[in-house]
Amino acid sequence: MTEKTVFKRIIDGEIPADVVYEDDQCLAFRDIHPQAPTHVVLIPKKEIASLDDFSEADQALAGHLLLAAGKVAEALGVQQEGYRVVVNCGAGAGQEVMHVHFHILAGRPFRWPPG
Ligand code: AMP
């Protein structure tokens, strides 16, 4: 059996997290190593390793996550100032935790193109 990811352990309540949003399908909590004054990670409760691992059956969940990202931004009070949503897909793009997640960042200027 493969080992649980740190995010699955948070879902299962085995390790603590500073939760800012939760519904029946997803959970958002503050990143432990924030890269901006506001940095939250939004994850589906369903175990999906990466963006590449969404199937057709996950279409509603994918849309739910996008809508939830906006709700998280609203809950954090960053909608007016603007925020960035980032998904690292695969090790080559910097994905370290193999449980798909959206980074929601705000509170500082963001450059384009991203580094
Ligand atoms: P990624 O590099 O896209 O896989 O992002 C994984 C993110 O998860 C990183 O920004 C980490 O700082 C964050 N992270 C890892 N462990 C925890 C944890 N226990 N609680 C909150 N965030 C975490």
Side-chain angles (χ1 to χ4, degrees):
M1 212 172 97
T2 54
E3 217 170 276
K4 279 186 186 183
T5 67
V6 64
F7 291 171
K8 176 61 176 162
R9 294 187 65 203
I10 288 173
I11 292 166
D12 290 346
E14 293 173 5
I15 55 174
D18 185 356
V19 173
V20 298
Y21 176 85
E22 181 171 15
D23 64 31
D24 59 325
Q25 296 178 67
C26 62
L27 185 65
F29 48 88
R30 293 193 189 274
D31 196 290
I32 206 165
H33 294 125
Q35 301 301 315
T38 298
H39 185 176
V40 162
V41 178
L42 170 65
I43 64 173
K45 292 182 176 175
K46 180 177 177 179
E47 281 187 280
I48 296 173
S50 81
L51 204 58
D52 271 344
D53 296 297
F54 276 96
S55 70
E56 292 295 324
D58 297 316
Q59 202 170 96
L61 175 60
H64 183 91
L65 283 167
L66 274 181
L67 290 176
K71 290 178 185 170
V72 170
E74 189 180 8
L76 294 168
V78 300
Q79 270 185 331
Q80 285 291 332
E81 66 176 89
Y83 58 96
R84 181 167 286 184
V85 180
V86 175
V87 182
N88 297 322
C89 183
Q95 184 177 4
E96 289 179 353
V97 179
M98 293 310 286
H99 182 119
V100 69
H101 50 280
F102 292 2
H103 295 265
I104 299 169
L105 303 124
R108 66 167 171 83
F110 294 101
R111 284 180 299 187
W112 194 264

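Model, not experiment: these values are computed from the prediction. Position 1 is the first residue of the sequence; numbering continues from there.
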pair [X]-[Y]: side-chain heavy atoms closer than 4.5 Å:
X: Glu47; Y: Lys8; result: yes
X: Ile11; Y: His99; result: yes
X: Glu74; Y: Gln79; result: yes
X: Ile32; Y: Val41; result: no
X: Val40; Y: Asp31; result: no
X: Leu66; Y: Phe102; result: yes
X: Cys26; Y: Leu42; result: yes
X: Val20; Y: Phe29; result: no

In plain terms, say whether Lys4 and Glu14 are close enough for a salt bridge, that is, a side-chain N and a carboxylate O under 4.0 Å apart. yes
Polar side-chain atom of Gln95 near backbone of Gly90 as donor-acceptor pair, under 3.5 Å: yes
Under 3.5 Å, side chain of Asp58 to main-chain N/O of Ser55, donor-acceptor pair present? yes
Determine, step by step, whether Asp23 and His64 satisfy the side-chain hydrogen bond (donor to acceptor under 3.5 Å, both in side chains) criterion, reporting the C-alpha distance in whole Å, the side-chain angles of both residues, the deciding distance to 0.1 Å, and the verdict. CA-CA 10 Å; Asp23 64 31; His64 183 91; 2.8 Å; yes
Return the [atom1] to [atom2] distance between [X] and [Y], rounded to the nearest 0.5 Å.
X: Ile43; Y: Glu22; atom1: CD1; atom2: CD; result: 9.5 Å
X: Asp53; Y: Lys46; atom1: CG; atom2: NZ; result: 10.5 Å
X: Glu81; Y: Tyr83; atom1: CD; atom2: OH; result: 11.0 Å
X: Arg111; Y: Arg84; atom1: CZ; atom2: CZ; result: 9.5 Å

Grab the two heavy atoms, one from [X] and one from [Y], that are nearest each other, plus how far apart they are.
X: Pro16; Y: Ile10; result: O-CG1, 4.3 Å
X: Ala36; Y: Ala106; result: CB-O, 3.5 Å
X: Val100; Y: Pro44; result: O-CD, 3.2 Å
X: Ala93; Y: Cys89; result: CB-O, 3.5 Å

[X] and [Y]: same hydrophobic cluster, using ILVMFWY side-chain contacts below 4.5 Å?
X: Leu65; Y: Val97; value: no
X: Ile104; Y: Val6; value: no
X: Met98; Y: Val87; value: no
X: Leu27; Y: Leu51; value: no

Only one of Leu105, Val78, Val72 passes side chain to side chain contact (heavy atoms under 4.5 Å, CB included) with Thr38; say which it is. Val78
Derivation and outcome, side-chain contact (heavy atoms from CB on, under 4.5 Å), residues Phe7 and Asp12: CA-CA 9 Å; Phe7 291 171; Asp12 290 346; over 6 Å; no
Parallel, tilted or perpendicular: which one describes the rings of His103 and His39, with boundaries at 30° and 60°? tilted
